[in-house]
Structure formats: structure tokens, C-alpha cells
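Side-chain atoms are counted along with the backbone in the values below, which use heavy atoms only and exclude waters and symmetry mates.
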Amino acid sequence: MVLFDDIERDVRPETDEYVPSFRALNQFDWPGAGRTRANFESWFRRFPEPARARLRSRFRSDNNREHEGALFELFLHELFTRLGCSVKVDPEIADGRKTPDFLIGQGNRRFYLEATAVGDEYGPFTLSPNERDVIQKLNTLDSEHFSIRVDMKGTLPRTLGRSRVVQPFERLLATHQPEAVRRLIETRGRSAAPAATVKSDDWLLKGWLIPNDPKRRRSHSTKPFVRGFWRARYTDSIRLVRNAVKKKAKKYLELDAPFVVAVHTRDPFYNGRQHDLEVLFGREQLHYSMASPDAAAEFGRTADGVWSHGKGKRVQAFLRAQRIDIHNLPSASACVYVNPQSQVVLPDAAFRLPHGTVVNDEMTWIEGEDIADLMA
């Protein structure tokens, strides 16, 4: 049983077409792709055989969230194996209760490890697969006289049928003449151009007509109908990670070993250690005294952190990972934090990784070993 197909691969084409992560690595070659596939196959061979089929199915999924989750579990199994730990996948306990993903052991110390991947891999200014599909459908339209400028807001959770996307713009093209639109823009500005909209739940696309230069005829084969678009979405990197840890804390009420949550954040705007502190201890804020308005503000934190004010005792430690994907594995990073309210002692192997320790109410970081070197 292997992860990748034994096929002849093409060089990945220069295209805006969305390709799921696994399919891209399975079907195409680029510098370093062969080495990446070989690494994953070697990791997979060391993954316990009874659990391989389920992991393989998720790893090969066209759903990037499924693929990324499986890749993260494969990565963690390999990482702690290389750190000299025993790693049990889907460990069993006597009463048959559901347990976390792994039981990690070294000497007489052990802990349960639950893994999850969160975040938006597309970023706030990048189109999601569903939005790319909309743009591709719009680009099947052709007009000698017009292009469109597009703005999008909200989140599109599903694909839309072609008629729903293109019909509003077909009507727009059929009811406007280029000279009239050109005069309207010259006198009232681009925002006054005729427009059409496509709406789905809280997602909205609006497209304005842009008259083409009459001196430069165009055809669809040489220029897309969508000439430009703007996309911005709000991203809250901290909330996604914090909520993931809190959700996992509720999943397992009683365990016979310490419980560690590992979160892989795919959000490119997650700012490493600074955001780790806000996830665990609350967001930074300044406190002003109403009784003494002239007094200097004092630094503090909100009470919504996983471990704020002694909360979150079910999660004895937190492991944050970033950049664990098919393109960025050499720059992968991780950091371990132990709950300062807990008396738990993890295996020494955990502290070979970069980690943070609270000393006199201040966080001190120890650099540990480089993840890329450990996984090379």
C-alpha cells in the first residue's frame, strides 16, 4: 500500500485553475516534488499497518482539509518516532472509550496527543476554490466590447451552477452599448458603470462593465472576460486556534495520562509565538483607570485565552505547528507549551522541540532543535 500512484507525471502547468493539494503532488512534477513524495512514502511505511488504509484515504482526498489533517497526523507520528518515542495510533483503553489520536511514550512517561488542522490556506486576499470556479465560469463569456471588474465579499461555501453565475452578466451585456457606458464612466466615474450581482448566503459578487478600447479589438482567446478582481476577507488567526484547543478539551473528560493538543494552523497571518500567547493567555490590551484617568495605562490580557485565570486544565500542554504542507515542509515550525497551572511532566523528547516555559510569570523560550533538521 502506497500513497502515490506509479504514473508518468507532467510539469505543472502555469494556470490559475485550482488543483487540490494531493492531486497536484500526485500528478505533477516541479523541483523538489519527487523528494517530497519519497519522504511521505517513507513516513507512511513506518505508520502502523492497521491504521494505514484510513490515513491513506484521507491523505488522497480532494478535500484539502481532509488531506491536511491526514498529513499532520503522518508528520506527528514521524516526528515523535524520530525523537525516540513509542507512538501508538488510535490507542485503546479498557472500557472502550474513544481516545485521542496518539499515545506517546518514552521511558515511564507518556501522554495522549490529539491533532487538528485549522485555518484558511488561501489567505484573505486569495480566491478560494469555489470563488475560482465562479471566475472560470465568468471567463467562458466573451464580448467584443466589454470586460468586467469584479468585487467579492463574504464566504462562498459551495460551488454555483453556470447559469446562476453567467446569466446576470449575459443580460447586462445584452442591454448596454459601449459608447453609452463609456460616456457614463467619463462623467460619473467607474463606480457608475452598469453592474450585475450574484449572491449566495452571505457571499456577494458584483461586476461592473468596463468598455474595451475600440482601437484594440479583443477575443476571448487572447484576454479573459474578467479583467481584474478584488478579494478581501476577515481572518482571525487567533480565534481559530483557540477554539480548536477548547473544542478538543471538551472531547475527552477523563484520561489516564496527560492530554496534549497539537494544532497545525494553515493561516499565513498567524504570527508564531506572539499569537501563541494570545491563544493561551488572552489577547493583549491596555487597562485604564476610570478613577484615575491621568494614570498610566497598565498592560494586561483579555480573559478568553485557553489558560486564562487557571482555566483549561484538561489541556496539559499545547503544540503549535505551521507550514507543514507539500510546498513548505523544509520551513516547518513548531513550539510546545506546558500549562503553568499543571504539575504534569512530559517525556524529555517533547522538550527537544522549541518550547516556551513560564518563569516568574514571564514566558521564556528555548529554541530546541530545528524541525526541518529533525525531519530531513
Side-chain angles (χ1 to χ4, degrees), residues 1-13 19-90 101-102 104 106 113-119 121 260 262-268 270 272 319-336 349-350 352-354 367-376:
M1 185 184 298
V2 294
L3 291 173
F4 299 98
D5 298 323
D6 184 11
I7 57 175
E8 185 174 340
R9 295 180 171 87
D10 296 324
V11 176
R12 185 166 183 174
V19 180
S21 293
F22 171 76
R23 198 188 307 172
L25 187 57
N26 190 45
Q27 296 180 357
F28 300 115
D29 262 328
W30 61 84
R35 180 187 173 104
T36 299
R37 284 190 293 268
N39 282 340
F40 290 161
E41 290 288 13
S42 67
W43 298 0
F44 187 61
R45 287 193 295 271
R46 287 188 282 274
F47 205 78
E49 188 171 356
R52 283 182 196 169
R54 184 174 66 87
L55 182 93
R56 181 180 186 271
S57 176
R58 293 168 54 220
F59 188 93
R60 292 173 59 91
S61 174
D62 277 352
N63 182 322
N64 265 5
R65 291 187 182 276
E66 281 291 310
H67 166 76
E68 295 284 352
L71 172 56
F72 188 39
E73 291 180 24
L74 185 64
F75 173 87
L76 289 171
H77 179 273
E78 182 70 15
L79 173 64
F80 281 99
T81 298
R82 293 190 181 204
L83 288 170
C85 298
S86 63
V87 184
K88 291 185 179 180
V89 178
D90 299 326
D101 297 316
F102 303 104
I104 312 292
Q106 186 184 42
L113 182 66
E114 177 79 352
T116 187
V118 302
E121 66 270 39
V260 180
V263 178
H264 176 216
T265 173
R266 300 172 298 172
D267 193 323
Y270 191 89
L319 188 158
R320 181 266 305 153
Q322 287 180 272
R323 295 183 293 281
I324 298 169
D325 60 52
I326 63 173
H327 300 290
N328 297 316
L329 200 58
S331 60
S333 67
C335 196
V336 175
R352 288 176 57 188
L353 301 174
E367 291 305 323
E369 297 183 41
D370 186 81
I371 298 296
D373 290 340
L374 281 170
M375 302 301 283

Report the C-alpha separation of Leu353 and Leu319 in whole Å, then their side-chain angles, then the decisive distance to 0.1 Å, and conclude whether the side-chain contact (heavy atoms from CB on, under 4.5 Å) test is met.
-> CA-CA 10 Å; Leu353 301 174; Leu319 188 158; 4.1 Å; yes

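- A distance-only check finds a donor-acceptor pair linking the side chain of Gln106 to the backbone of Ala349 [under 3.5 Å].
- Considering only residues two or more places apart in sequence or on other chains, Arg54 meets the salt bridge (Lys or Arg N to Asp or Glu O under 4.0 Å) condition with Asp90.
- At a threshold of 4.5 Å between non-hydrogen side-chain atoms, the residues Ser333 and Arg320 count as touching.
- With Arg9 contributing its side chain and Asn26 its backbone, the two residues share a donor-acceptor pair below 3.5 Å.
- Taking a cutoff of 4.0 Å between a charged side-chain nitrogen and a carboxylate oxygen, Asp325 and Arg266 do not qualify as a salt bridge.
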Candidate pair Phe75 and Ile371, rule side-chain contact (heavy atoms from CB on, under 4.5 Å), full reasoning = CA-CA 11 Å; Phe75 173 87; Ile371 298 296; 3.6 Å; yes

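- Within the 4.5 Å cutoff, the side chain of Leu76 has no heavy atoms near those of the Asp101 side chain.
- Within the 4.5 Å cutoff, no side-chain heavy atoms of Trp30 are placed close to those of Val11.
- No side-chain heavy atom of Arg58 sits under 4.5 Å from any side-chain heavy atom of Leu74.
- Here the side chains of Leu83 and Ile104 are not in contact, with every heavy-atom distance at 4.5 Å or above.
- Test Phe72, Trp43, Phe44, Phe47 against His77 for side-chain contact (heavy atoms from CB on, under 4.5 Å) and you get one pass: Phe47.
- Counting heavy atoms from C-beta outward, Arg82 and Leu374 have side chains that stay 4.5 Å or more apart.
- By the 4.5 Å heavy-atom criterion applied to side chains, Gln27 and Asp10 are not counted as neighbours.
- Contact of the His67 side chain with the Asp62 side chain is not registered, since no non-hydrogen atoms from C-beta on lie closer than 4.5 Å.
- Closest non-hydrogen pair, Ala70 versus Leu55, comes out as O-CD1, 3.5 Å.
- Under a cut-off of 6.0 angstrom, the local environment of CZ in Arg35 is sparse, with at most 12 non-hydrogen atoms contributed by other residues, nucleotides or ligands.
- Taking the charged nitrogens against the carboxylate oxygens, Arg45 and Glu41 have no contact shorter than 4.0 Å, which rules out a salt bridge.
- Not one N or O on the side chain of Arg60 forms a donor-acceptor pair closer than 3.5 Å with the backbone of Phe22.
- Less than 6.0 angstrom separates the ring centroid of Phe40 from the ring centroid of Phe59.
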